[in-house]
*Asks:* 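Sending over a structure as structure tokens; questions will come in a sec.
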Amino acid sequence: MAVRPKMRRRRRTKIIATLGPSSSSPEVMTRLFQAGADVFRLNFSHGSHEDHAARFAMIRELEARFDRPIGILADVQGPKLRVGRFGGGRVHLQTGQRFRLDLNATPGDSQRVNLPHPEIIEAASIGSSLLLDDGKLRLRVVHKRGEALETECVVGGPLSDRKGVNVPDVVLPIPALTAKDREDLEFAVSHGANYIGLSFVQRPEDVVEAKRLIDGRAWVMVKLEKPQALDNLPAILALTDAVMVARGDLGVELPPEEVPLAQKRIVRLSRALGKPVVVATQMLESMISAPAPTRAEASDVATAVFDGADAVMLSGETAAGQYPYEAVNMMDRIVDRVEQDAGWRAGMDASRVLPEKNAADAIAAAAAQVGRTIGASAIVAFTALGSTALRVARERPEAPVIGLTPNQNTARLMALVWGVHAAITPDVHSMTEAVARAGRVALSEGFAAHGDEIVVTAGVPFGHSGTTNALRVATVK
């Protein structure tokens with residue numbers, strides 16, 4: 001079979017690009033995909049269902065045109081905690097002054113304002129901190145009475161209508177999914193979203209509720225943006241399908257010096273569990289208005305790649321920035337350069353986690369080892385629902401991973417997974433047929449040439465998900 005040119009990435013770390021006003025035309029979307037976007041994110045904090053429906057359609061048209069699976073991440077908004085309005089639109093709070101937050105809907109002034117969230121007033125206690133306007137202002141609760149919190153202004157500044165409120169040291173009895181989120185979630189899943197980004201996660205119960213609503217139609221990606229989630233991290237990671245380090249909101253509620261450590265901890269634990277992990281927010285922030293990033297931003301992207309994250313994400317850079325194509329192209333260049341470095345490969349080997357004591361993990365670990373020893377052109381993983389490909393990717397092997405699946409949704413999910421090039425292929429029924437199919441696909445997708453060796457992993461008998469138990473070394477014919 002002759003090799004035909006395919007759209008394949010040489011890098012292992014994937015790129016997520018957020019769509020928005022700057023990137024919602026077919027022409028721009030095509031350029032972003034060609035520049036390196038593997039997954040597109042739809043932010044349901046903005047835009048109507050009609051807007052998002054059009055983006056869904058354009059992504060699937062793009063996918064068909066390039067014959068490559070493209071993942072879609074639908075990010076639901078979550079609860080938005082905000083103060084009410086002021087009589088003059090804004091006030092200026094002085095450091096040291098007293099300021100009251102209450103349930104009175106009357107427009108506020110320099111002494112008080114409405115806080116239309118009784119849950120915060122109920123859960124807060126003396127000494128609790130409240131952060132306003134993305135942490136620019138800080139209040140400390142000094143008295144709590146009835147339906148109001150009396151606070152002292154620790155860090156002052158201007159405060160205007162409807163600015164956000166964060167409560168970093170209190171677990172709020174608020175579900176992660178609002179009524180709007182539930183509508184958005186159902187809309188997104190019914191239109192073919194592959195991942196649902198879940199905001200405001202504090203407890204394992206938040207993940208359970210989302211998974212109940214999704215009912216297996218998509219994977220849940222928890223956005224870790226609350227300190228309370230870090231307190232429950234192992235339990236949350238055990239339940240979720242994928243993870244996002246949402247550093248913007250996390251950075252509001254955590255001291256800045258704690259955010260890099262939290263990022264490394266989340267990535268490390270996610271990798272150990274084989275859960276795809278994304279590092280997000282402000283990665284190339286300056287490229288919203290500039291054609292090139294700062295050197296610090298380039299280093300930030302590189303750090304996530306060195307840590308072994310499955311994907312890095314662009315938000316405002318591609319959604320609302322002036323240089324969406326340049327941002328994706330730059331991220332692609334940074335990732336590709338890092339992965340060519342010998343230190344990156346050494347880091348992947350040093351951070352490889354021990355396989356669990358089961359046949360599937362043993363086969364995945366063996367596939368990576370055999371592939372390294374023989375210099376295999378590819379590891380071909382037959383995967384019905386993604387578990388085999390995830391296990392192999394968890395090993396961070398030297399050889400590229402081809403995930404073969406009969407399931408289109410699985411192929412789209414794999415667009416986010418480290419090192420996996422997904423391809424849709426009909427079911428096979430024997431190991432002999434699987435080896436022959438693997439060789440043909442490795443050849444046609446441009447991973448191998450005639451005479452190259454590949455490693456093939458699968459579950460026997462075929463057609464039963466989660467039964468990875470077979471490994472074969474084959475020569476491409």
Side-chain angles (χ1 to χ4, degrees), residues 45 76-86 91 93 95-105 108 111-178 180-181 198-207 209 222-233 235-236 244-259 262 266 281:
S45 296
V76 298
Q77 178 175 286
K80 291 300 177 187
L81 309 178
R82 303 181 186 278
V83 299
R85 301 185 181 279
F86 293 92
V91 296
L93 302 188
T95 299
Q97 78 163 81
R98 294 296 179 93
F99 189 71
R100 189 172 77 252
L101 301 164
D102 57 41
L103 297 179
N104 183 349
Q111 302 301 310
R112 60 155 296 277
V113 75
N114 175 228
L115 180 64
H117 305 288
E119 304 92 344
I120 295 179
I121 295 175
E122 176 65 28
S125 58
I126 306 303
S128 294
S129 294
L130 289 90
L131 309 177
L132 309 181
D133 193 8
D134 289 335
K136 297 182 180 69
L137 293 84
R138 179 183 290 267
L139 308 178
R140 182 176 62 243
V141 178
V142 293
H143 293 293
K144 178 179 176 179
R145 53 190 179 88
E147 298 182 338
L149 297 175
E150 296 288 345
T151 73
E152 179 184 357
C153 185
V154 178
V155 178
L159 180 64
S160 55
D161 294 343
R162 304 287 297 154
K163 288 300 182 182
V165 179
N166 293 82
V167 191
D169 47 9
V170 174
V171 177
L172 297 174
I174 298 174
L177 290 166
T178 65
K180 175 186 183 306
D181 295 331
L198 186 62
S199 301
F200 208 85
V201 173
Q202 299 182 95
R203 305 158 300 171
E205 293 81 0
D206 296 328
V207 186
E209 174 64 6
V222 296
K223 296 171 61 181
L224 295 175
E225 54 193 3
K226 302 285 292 179
Q228 294 78 12
L230 299 182
D231 295 336
N232 294 303
L233 189 58
I236 289 172
M244 181 189 295
V245 189
R247 302 177 307 170
D249 288 306
L250 193 61
V252 172
E253 300 200 13
L254 278 183
E257 67 272 17
E258 296 292 335
V259 175
I266 294 165
T281 324

*Asks:* Find the distance between CG (N166) and CG (D169) and round it off to the nearest 0.5 Å.
*Replies:* 11.0 Å
*Asks:* How far does CG of L93 sit from CG of D133, to the nearest 0.5 angstrom?
*Replies:*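 So the gap between those two atoms works out to 10.5 Å.
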*Asks:* Quick check against the 3.5 Å criterion: does E225 have a side-chain atom that pairs as donor or acceptor with the backbone of S199?
*Replies:*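 No; judged by distance alone, with no hydrogens or angles, the pair does not exist.
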*Asks:* To the nearest 0.5 angstrom, please state how far the NE2 atom of H143 sits from the CD1 atom of I126.
*Replies:* 7.0 Å
*Asks:* Let me see the working for L159 and F86 under side chain to side chain contact (heavy atoms under 4.5 Å, CB included), right down to the final yes or no.
*Replies:* CA-CA 9 Å; L159 180 64; F86 293 92; 3.6 Å; yes
*Asks:* If you compare all heavy atoms of A176 against all heavy atoms of D181, which two are closest, and at what distance to 0.1 Å?
*Replies:* O-OD2, 3.5 Å
*Asks:* Does any non-hydrogen side-chain atom of N104 lie less than 4.5 Å from one of R112?
*Replies:* yes
*Asks:* Give the minimum heavy-atom separation between S160 and V83, together with the two atoms involved.
*Replies:*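 Shortest heavy-atom contact: O-CG2, 4.2 Å.
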*Asks:* Short question: side chain of N232, backbone of R203 - any donor-acceptor pair under 3.5 Å?
*Replies:* no
*Asks:* Would you find a donor on one side and an acceptor on the other, under 3.5 Å apart, between the side chain of D102 and the backbone of L115?
*Replies:* no
*Asks:* Find out whether V113 and V91 are in side-chain contact, i.e. whether some heavy atom of one side chain is under 4.5 Å from a heavy atom of the other.
*Replies:*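 No, side chains not in contact.
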*Asks:* Nearest 0.5 Å, please: how far is CD1 in I236 from CG in D231?
*Replies:* 9.0 Å
*Asks:* Report, as yes or no, whether the 6.0 Å neighbourhood of atom CZ on R247 holds more than 12 heavy atoms from other residues, nucleotides or ligands.
*Replies:*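 Counting neighbours around CZ of R247, more than 12 heavy atoms of other residues, nucleotides or ligands fall under 6.0 Å, so yes.
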*Asks:* If you take all heavy atoms of P116 and G84, which pair is closest and at what distance?
*Replies:* CD-N, 4.2 Å
*Asks:* Run T178 and K80 through side chain to side chain contact (heavy atoms under 4.5 Å, CB included) and show every step you take.
*Replies:* CA-CA 9 Å; T178 65; K80 291 300 177 187; over 6 Å; no
*Asks:* Less than 4.5 Å apart, side chain to side chain, heavy atoms only: is that true for T281 and L250?
*Replies:* no
*Asks:* Is the side chain of K144 donor-acceptor paired with the backbone N or O of I121 at a distance under 3.5 Å, no angle test?
*Replies:* yes
*Asks:* Evaluate side chain to side chain contact (heavy atoms under 4.5 Å, CB included) for L139 paired with L101, printing each intermediate quantity in order.
*Replies:* CA-CA 10 Å; L139 308 178; L101 301 164; 4.1 Å; yes
*Asks:* What heavy-atom pair brings P175 and P79 nearest, and what distance separates the two atoms?
*Replies:* O-CG, 3.3 Å
*Asks:* Which heavy atom in G135 sits nearest to a heavy atom in V252, and how many Å separate them?
*Replies:* N-CG1, 3.8 Å
*Asks:* List the atom pairs, with distances to 0.1 Å, where a side-chain N or O of residues 147-158 and a protein N or O form a donor-acceptor pair under 3.5 Å, not counting sequence neighbours.
*Replies:*
from: E150; atom 1: OE2; to: R145; atom 2: NH2; distance (Å): 2.8
from: T151; atom 1: OG1; to: F99; atom 2: O; distance (Å): 2.7
from: E152; atom 1: OE1; to: R140; atom 2: NH2; distance (Å): 2.9

*Asks:* Which atom names give the shortest non-hydrogen contact between A262 and L254, and what distance separates them?
*Replies:*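 Shortest heavy-atom separation between A262 and L254 comes out as CB-CD1, 4.1 Å.
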*Asks:* Rounded to the nearest 0.5 Å, how far does CG of L172 lie from NZ of K226?
*Replies:*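 The NZ atom of K226 sits 5.5 Å away from the CG atom of L172.
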*Asks:* If you count heavy atoms of other groups shown closer than 6.0 angstrom to CD of E122, is the number above 12?
*Replies:* no
*Asks:* Once rounded to the nearest 0.5 Å, what's the spacing between atom NE2 of H117 and atom CZ of R82?
*Replies:*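 If we round to the nearest 0.5 Å, H117:NE2 and R82:CZ are 8.5 Å apart.
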*Asks:* Run R162 and R85 through side chain to side chain contact (heavy atoms under 4.5 Å, CB included) and show every step you take.
*Replies:* CA-CA 6 Å; R162 304 287 297 154; R85 301 185 181 279; 3.8 Å; yes
*Asks:* For Q228, enumerate each residue passing the side-chain hydrogen bond (donor to acceptor under 3.5 Å, both in side chains) test, keeping only those at least two apart in sequence or located in another chain.
*Replies:* none
